[in-house]
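Have a look at the structure below before the remarks.
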Amino acid sequence: MPDHLVLYNTLTRKAEAFRPRDPRRITFYTCGPTVYDDAHIGNFRSFLAADVLRRFLESPLCRLVDDDGGPALQAGSRTVLHVMNITDVGHMTDDDAADGAGEDKMAAATRRLSEAKKSGKLPPGAGDIDPTDQHAIARFYEARFLEDARRLGLRVAIDAQRDPTLMPRATGAVPGMIAIIERLIARGHAYAVGPAGRQTVYFSVPSFPAYGSLSGNTLDALRAGQGGRVQESHQAEKKHPADFLLWKSDPTHAMRWASPWGEGYPGWHIECTAMAAARLCGPDDGRNEPASPLTPAALGALEVADVRPMIDLHSGGEDNIFPHHECEIAQSCGAFNATPADAAPARGMFAAHWFHPRFLMVEGAKMSKSKGNFFTPRDLFAKGHEPAAVRLELIKTHYRSNANFTEQGLKDSARMVERWRRVIEQGAGATRADGSGKAARAEAQQAFADAMHDDLNIAGAIGAINAWVGSLDAPTPEDAALLRAFDGVVGVLALERPAAASTDIGLFIPPAEPNPEVTALLERRRDARAAKDFAAADQIRDQLASMGYAIKDAPGGKVEVRKA
RNA sequence: GGCCGGAUGCCAGAGUGGACUAAUGGAGCGGAUUGCAAAUCCGUUAUUCGUGGGUUCGAAUCCCACUCCGGCCUCCA
């Protein structure tokens, strides 16, 4: 059991002590959503895993060691500068992707929304947007993403309300991307092909010998082309089959910008290099203070003098390992590291620690729209599941295992949250604060920290919480405080609870819907019970059950009504 | 074909050489409580850890083979 944070690193394929360059300012970049549709629970599992990591790094319960193995700064002075981008430039949907042809995702979204508009099936709130305006569509889905993210307690999305530079948009970063591409060309890591004003720019993969370090996909392995997606016909203008797109000139593209190579749009990978470097490699301006990311000119001149990584942590879904993160490393090191290209293997690989949560399964199967097991958080909220239960269900499995999202698991999670809430409520209301239970708290805190230090064993940490909570007979204010400290990492107790709609007799639990028919039945049942006519009372309860309502007598004569 | 990550009880999910006759939550069952329920509390439910070999005094944990599941091999969290 490590007494400090040990985290699996995709780059080294080992669990390693996490040692930030500067614990006072840990730099963390997460590849964010593409806003051409609503993000689903699988997307959110990955974002929430990164959020749990970030919260643990910020927690006083987390201990880091420095290079000599001694304790690094403990919480208080330790902060995490966490950036997550919004990809609002379309990228390719099909096999022609690497060559910049084909329909892009934003274009696909315009087509989808246009069709939806014709058939009257637009998502709520989308009625006013022009389905052919890609920027408007991106803003629309971005707003929905941020709403879901905040309801699920994604701290970076909450912080971005204060400091929008923490969640940069790709469309706002194009000048920086252009500056980096120019730099890559100047350094021999990229080349432009085609007639002047209509050029395509590729990254030269052979110019970066360390390519493949992250994914294990060496150039030799790639040459085998077993994925079947690299098409020979599109390889003609590239110098090497693995070279990837940095800029595509296309004056007909819906989203396009002026560039030295012609009007067009950037490749997918370059945006993360630009946004991560601009916000995380800039001057130390403190965490959530509004800051000016590096200007394009500064990005074009940024030089990382040593072979150390530029940022501490980088996360994304496991599918991002290749090609996206492999390409990010090549571009970023090629553009910013001072070391000559032929010394590339010694470079810092852009980020020191690469964090990749695995995919989410739903009811034991791969999530897909055709199987009907494809959910977005807002789908679940609309069905009456509260954000805290959804969050807990999405984070409670170790991030490097395929988690299985189930309806039953969602119910389990909801009950667990309710149990924890009782501890907070009873503890906060208790007058006794005599220091009792101190040993049990110390033990629970140790067990929780041990589990989290061990590559974020969240299930073990939750087990530690439950074992301790189960041992409490009368929670004290100190107990409530400790549970809040745990929840600083788990992040469910501070989330909004759906307000129960209250009538004189009923407390309607999921969303507010004081059904008058139900209320009338509750009143008849109350009268029957008062008259000790229990047969009639039970018959009404059965009737409510057949209507899909579970009822529970609460103190004070009210009845909690839960829609199944 | 190559490279990764997995497989634990009815379900979810910890545990990675000895205190494991396997944490924790749910579910089931029995009891307390309740008019009856719900919630809560107490007790209980795997001689067993995908399959077959091996190493070891000792294996869920290490090694080998196999089966199955998931990811990547230029759309994807």
Side-chain angles (χ1 to χ4, degrees), chain A residues 8 10 13 30-34 39-50 91-99 102-105 108 212 215-218 220-231 234 241-245 268-269 315-324 326-327 356-361 364-367 392-393 396-398 400-406 408-416 418-419 422 447 451 457-470 473 529 532-535 537-538 541 545 550-555 559-560 562:
Chain A
Y8 184 86
T10 309
R13 294 175 189 81
T30 294
C31 282
T34 302
H40 53 71
I41 54 176
N43 302 117
F44 272 103
R45 182 202 186 198
S46 161
F47 301 141
L48 289 171
H91 295 293
M92 302 313 126
T93 54
D94 63 24
D95 296 347
D96 299 40
D99 300 287
E103 182 179 35
D104 86 17
K105 285 187 204 158
S215 62
N217 286 325
T218 61
D220 284 346
L222 285 175
R223 234 188 298 269
Q226 287 293 330
R229 292 184 186 167
V230 179
Q231 293 177 24
H234 294 108
D243 290 352
F244 56 88
L245 186 77
W268 171 36
H269 313 301
S315 81
E318 59 175 319
D319 53 333
N320 279 162
I321 296 170
F322 191 89
H324 186 52
E326 198 72 76
C327 294
H356 292 106
R358 308 255 153 230
F359 272 26
L360 181 74
M361 314 280 282
K366 194 176 163 180
M367 184 165 52
L392 187 57
E393 178 64 6
K396 75 183 184 190
T397 304
H398 187 89
R400 277 193 300 121
S401 298
N402 289 119
N404 191 14
F405 188 95
T406 62
Q408 181 58 248
L410 205 46
K411 283 184 191 152
D412 293 356
S413 297
R415 287 176 72 111
M416 214 185 281
E418 283 184 15
R419 198 139 76 95
R422 270 200 302 280
N457 180 358
I458 185 87
I462 290 170
I465 297 176
N466 284 324
W468 166 67
V469 163
D473 45 346
R529 291 181 73 210
K532 303 252 188 253
D533 183 358
F534 296 120
D538 291 353
R541 185 169 57 209
I551 64 169
K552 165 184 159 187
D553 294 316
V559 183
E560 280 184 25
R562 207 171 273 275

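Labels below follow one simple rule: chain letters A, B, ... track the order of the sequence lines, proteins then strands, and each chain is numbered from 1.
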Short side-chain N/O contact from A:Arg358 to OP1 or OP2 of B:rG6, under 4.0 Å: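 Answer is no, no contact under 4.0 Å.
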
Does A:Thr397 have a side-chain nitrogen or oxygen under 4.0 Å from the phosphate oxygens OP1 or OP2 of B:rG13?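 For A:Thr397, the contact criterion (side-chain N or O under 4.0 Å from OP1 or OP2 of B:rG13) is met.
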
Got a second to check how far [X]'s [atom1] is from [Y]'s [atom2], nearest 0.5 Å?
X: A:Phe359; Y: A:Lys366; atom1: CZ; atom2: NZ; answer: 7.5 Å
X: A:Glu393; Y: A:Ile41; atom1: CD; atom2: CD1; answer: 8.5 Å
X: A:Asn457; Y: A:Arg400; atom1: CG; atom2: CZ; answer: 10.5 Å

Protein-nucleotide distance ([X], atom [atom1]; [N], atom [atom2]), rounded to Å:
X: A:Arg529; N: B:rU34; atom1: CZ; atom2: P; result: 13 Å
X: A:Asp473; N: B:rU40; atom1: CG; atom2: P; result: 16 Å
X: A:Asp538; N: B:rG35; atom1: CG; atom2: P; result: 12 Å
X: A:Ile551; N: B:rU34; atom1: CD1; atom2: C1'; result: 14 Å
X: A:His269; N: B:rC72; atom1: NE2; atom2: P; result: 15 Å
X: A:Lys366; N: B:rC72; atom1: NZ; atom2: C1'; result: 11 Å
X: A:His356; N: B:rC72; atom1: NE2; atom2: P; result: 13 Å
X: A:Ile321; N: B:rC4; atom1: CD1; atom2: P; result: 12 Å

Between A:Arg415 and A:Asp412, does any NZ, NE, NH1 or NH2 come within less than 4.0 Å of an OD or OE carboxylate oxygen?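 No salt bridge links A:Asp412 with A:Arg415.
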
Identify the heavy atoms of [X] and [Y] that sit nearest to each other, and give their distance.
X: A:Phe47; Y: A:Pro33; result: CZ-N, 3.6 Å
X: A:Ser215; Y: A:Glu326; result: OG-OE1, 2.6 Å
X: A:Pro357; Y: A:Ala49; result: CG-CB, 3.7 Å
X: A:Ser413; Y: A:Lys396; result: OG-NZ, 3.1 Å
X: A:Ala50; Y: A:Ser315; result: CB-OG, 3.6 Å

For a quick check, with a 4.0 angstrom heavy-atom cut-off, what is the B/S/- contact string for nucleotides 18-32 of chain B, read 5' to 3'? -----BSBSS-----

With [atom1] as the reference atom in both, quote the distance from [N] to [M] in angstrom, rounded to an integer.
N: B:rG25; M: B:rG35; atom1: P; result: 29 Å
N: B:rG30; M: B:rG9; atom1: P; result: 25 Å
N: B:rC72; M: B:rU8; atom1: C1'; result: 27 Å
N: B:rU48; M: B:rA37; atom1: C1'; result: 37 Å
N: B:rU61; M: B:rA7; atom1: C1'; result: 14 Å
N: B:rC11; M: B:rA27; atom1: C1'; result: 7 Å
N: B:rC3; M: B:rA14; atom1: P; result: 27 Å
N: B:rG26; M: B:rG13; atom1: C1'; result: 11 Å

Pick the closest RNA chain B nucleotide for A:Gly364 and for A:Asn43 by heavy atoms, then say which residue is nearer the 5' end.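 Result of the comparison: A:Gly364.
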
Taking for each residue the nucleotide of RNA chain B with the nearest heavy atom, is it A:Arg422 or A:His398 whose nucleotide lies nearer the 5' end?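 The residue whose closest nucleotide sits nearer the 5' end is A:His398.
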
Taking atom types as they are modelled, is there a donor-acceptor pair under 3.5 Å from the base of B:rG15 to the side chain of A:Asn457?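 Check fails, no donor-acceptor contact within cut-off.
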
Do the side chain of A:Arg13 and the base of B:rC4 come within less than 3.5 angstrom through a donor-acceptor pair of N or O atoms?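 Looking at the base of B:rC4, it does not pair with any donor or acceptor on the side chain of A:Arg13 (distance under 3.5 Å).
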
Applying a 4.0 Å non-hydrogen cut-off, can you work out what [X] is touching in the nucleic acid: base, sugar-phosphate, or nothing?
X: A:Ala39; answer: nothing
X: A:Gly42; answer: base
X: A:His40; answer: base
X: A:Tyr8; answer: sugar-phosphate
X: A:Ile465; answer: nothing
X: A:Lys396; answer: sugar-phosphate
X: A:Asn402; answer: base

Among [options], which is the nearest nucleotide to the side chain of [X]?
X: A:Asn404; options: B:rA37, B:rG13, B:rG70; value: B:rG13
X: A:Met361; options: B:rC69, B:rG71, B:rC36; value: B:rC69
X: A:Phe322; options: B:rG13, B:rC73, B:rG70; value: B:rC73

A side-chain contact here means heavy atoms from C-beta on lying under 4.5 Å apart; do A:Met416 and A:Val469 qualify?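 Answer no - side chains too far apart.
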
Measuring only between side-chain heavy atoms, which start at C-beta, is A:Arg45 closer than 4.5 Å to A:Thr397?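 Sidechains of A:Thr397 and A:Arg45: in contact.
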
For RNA chain B, what dot-bracket results from Watson-Crick or G-U pairs at under 3.5 Å, with [ ] for crossers and | for inter-strand partners? ((((((((.[[[..)..(.....]]]((((((.......))))))....[[[[[..)....]]]]])))))))....

Donor-acceptor check, side chain of A:Asn43 to backbone of A:His40, threshold 3.5 angstrom: yes or no?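 Yes, because the side chain of A:Asn43 sits within donor-acceptor range (under 3.5 Å) of the backbone of A:His40.
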
